[in-house]
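Below is one structure, written out as structure tokens; the observations come after it.
For ligands, and for the atoms within them, numbers begin at 1 and follow the listed sequence.
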Amino acid sequence: MENTTEPEFEKISEQASEASSKASLDNNEEQKVTAFEVEAGETGVDYDRLIDQFGCDRIEARHLEKIEQLTGQKPHRFLRRNIFFSHRSLDWCLKSFETGRGFYLYTGRGPSSSSLHVGHAVPFIFTKYMQEAFDLPLVIQLTDDEKFFHKQVLTFENVYKMGYENIKDIIAFGFDPEKTFIFSDIDYIKYLYPNVCKMQKALTLNNVKGVFGFNDSDNAGKYSFPAIQAAPSFSNTFPHIFGKKKNVPCLIPQAIDQDPYFRMTRDIAKKLKYEKPGCIQSKFFPAITGLSGKMSASLAHTTIYLSDDPSQIKNKINKHAKSGGGDTLKEHREKGANLEVDIPYQYLTFFLEDDDELARIAEEYSSGRMLTGEIKEICAKVITDFITEYQERRSKVTDEDVKAFTAIRPIDPKSSKMPPKPDKTMEEAKK
Ligand code: TRP
């Protein structure tokens with residue numbers, strides 16, 4: 001019989017799944033990455049260390065080659081530049097595609113603000129690329145409930161409303177209306193609920209505490225929520241797309257801070273005899289003020305919103321972007337810039353498409369020939385171009401579009417780019 005479940009090799013114990021990866025770095029700086037906060041020293045998050053602590057795997061050259069082979073196009077710049085750098089079971093998902101079994105994509109957003117910022121855009125840009133390159137069905141979860149439980153000040157009505165606005169922002173990334181289902185937990189809960197219950201029964205309070213670090217004064221909603229983020233990882237949560245099939249593999253593009261949710265999900269999937277979801281994980285989009293944090297929606301003057309105009313973008317970068325350039329012109333010309341900590345350069349690695357141009361800028365700036373003012377200008381232009389294009393699409397999104405994307409309707413789960421399934425599984429399909 002064909003092996004339709006990924007072979008087992010990982011072992012996650014309660015202790016090992018401690019998500020609050022709090023580690024003292026050698027230089028005495030602390031880094032803390034949880035599903036709820038990111039803190040690091042001046043040189044930023046040590047991602048190598050994070051991969052080891054979380055127990056994920058590195059994305060390697062062979063993955064890029066495989067993706068290029070399967071999609072027939074150059075892998076996205078986020079892959080080429082190691083911005084999506086970590087994974088779980090990516091090989092399994094790609095193999096599933098290659099052998100005609102396929103997989104689907106799942107991502108999400110917690111609506112904690114009514115406008116998205118550039119950092120929020122990263123997983124959506126990537127998911128849109130994956131959907132297009134592989135021609136895959138995609139489900140997008142709005143965890144309005146999660147934000148209600150986690151943000152004291154937000155009311156129930158408020159999170160739902162912000163979620164609705166966020167759906168428009170998400171549609172504007174250009175997802176395929178034929179292949180994308182967007183849902184709010186509050187609206188879709190009836191369909192999530194069977195898997196939520198199964199999950200909740202299989203999880204102990206100790207499991208949830210171990211993974212998320214909650215204590216006894218945290219509200220009960222926080223404890224019950226992780227099962228809700230887990231449920232879309234299983235294809236039978238979407239009967240209008242997959243029918244009764246519970247074993248269509250799922251790949252979840254995400255920033256690496258979401259790993260605790262899916263580490264937990266994978267652990268419980270085994271108990272429920274479900275396919276474990278795969279993950280493909282990005283680094284954080286750094287704050288303007290430096291690498292020690294990710295961009296956060298709560299600090300308005302140092303956050304670049306997708307609704308900002310060109311002069312706001314320019315101002316924020318000019319005034320607040322942490323520079324890796326020399327302190328004086330003389331020093332800069334002599335020593336050049338430190339690209340690692342230079343925010344304008346780091347932003348270009350996310351948004352400048354042209355690899356040769358990026359290499360040229362790196363060379364010019366690190367040698368001190370290019371000045372901080374110049375790279376800031378290039379950075380502002382590249383980000384403005386992205387945001388202007390985005391805003392054009394956003395202005396065209398209507399309430400009708402929201403209705404279309406959120407409608408519970410049949411969606412073809414197959415990919416036109418997938419090689420046909422080998423014969424031996426044809427019998428199964430007939431059943
Ligand atoms: N918890 C995520 C947030 O706060 C939202 C989310 C739900 C998500 N499901 C996801 C993110 C799947 C990535 C992948 O934003």
**Q.** Test item: Thr107 and Phe126 side chains (from C-beta on) under 4.5 Å apart, heavy atoms
**A.**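 When only atoms from C-beta onward are counted, Phe126 and Thr107 do not touch, as no gap falls below 4.5 Å.
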Notebook entry, point to check: Can you find a heavy atom in the side chain of Tyr188 that is under 4.5 Å from one in the side chain of Thr237?
Noted result: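 Answer yes - side chains close enough.
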- Task: Inspect the surroundings of CD in Gln312 and state if more than 12 heavy atoms from other residues, nucleotides or ligands are less than 6.0 Å away.
- Result: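 More than 12 heavy atoms, drawn from other residues, nucleotides or ligands, come within 6.0 Å of this atom.
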- prompt: Between Phe405 and Phe181, is the ring centre distance below 6.0 Å?
  reply: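 No, the ring centres sit 6.0 Å or more apart.
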- prompt: Given the side-chain rings of Tyr261 and Phe212, with only the six-membered ring counted for Trp, is the space between their centroids under 6.0 Å?
  reply: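 Yes, they do, as the ring centres are separated by less than 6.0 Å.
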Between ligand 1 and the protein, which N/O pairs are shorter than 3.5 Å?
residue, atom, partner, partner atom, Å
ligand 1, 1 (N), Glu146, OE1, 2.9
ligand 1, 1 (N), Glu146, OE2, 3.3
ligand 1, 1 (N), Gln229, OE1, 2.9
ligand 1, 1 (N), Gln258, OE1, 3.0
ligand 1, 4 (O), Glu146, OE1, 3.2
ligand 1, 4 (O), Lys147, NZ, 3.3
ligand 1, 9 (N), Tyr106, OH, 2.9
ligand 1, 9 (N), Gln141, OE1, 3.0
ligand 1, 15 (O), Gly110, N, 2.9

| query | Are a donor atom and an acceptor atom from the side chains of Gln141 and Asp185 found within less than 3.5 Å of each other? | reply |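 Note: Gln141 and Asp185 side chains meet the donor-acceptor criterion.
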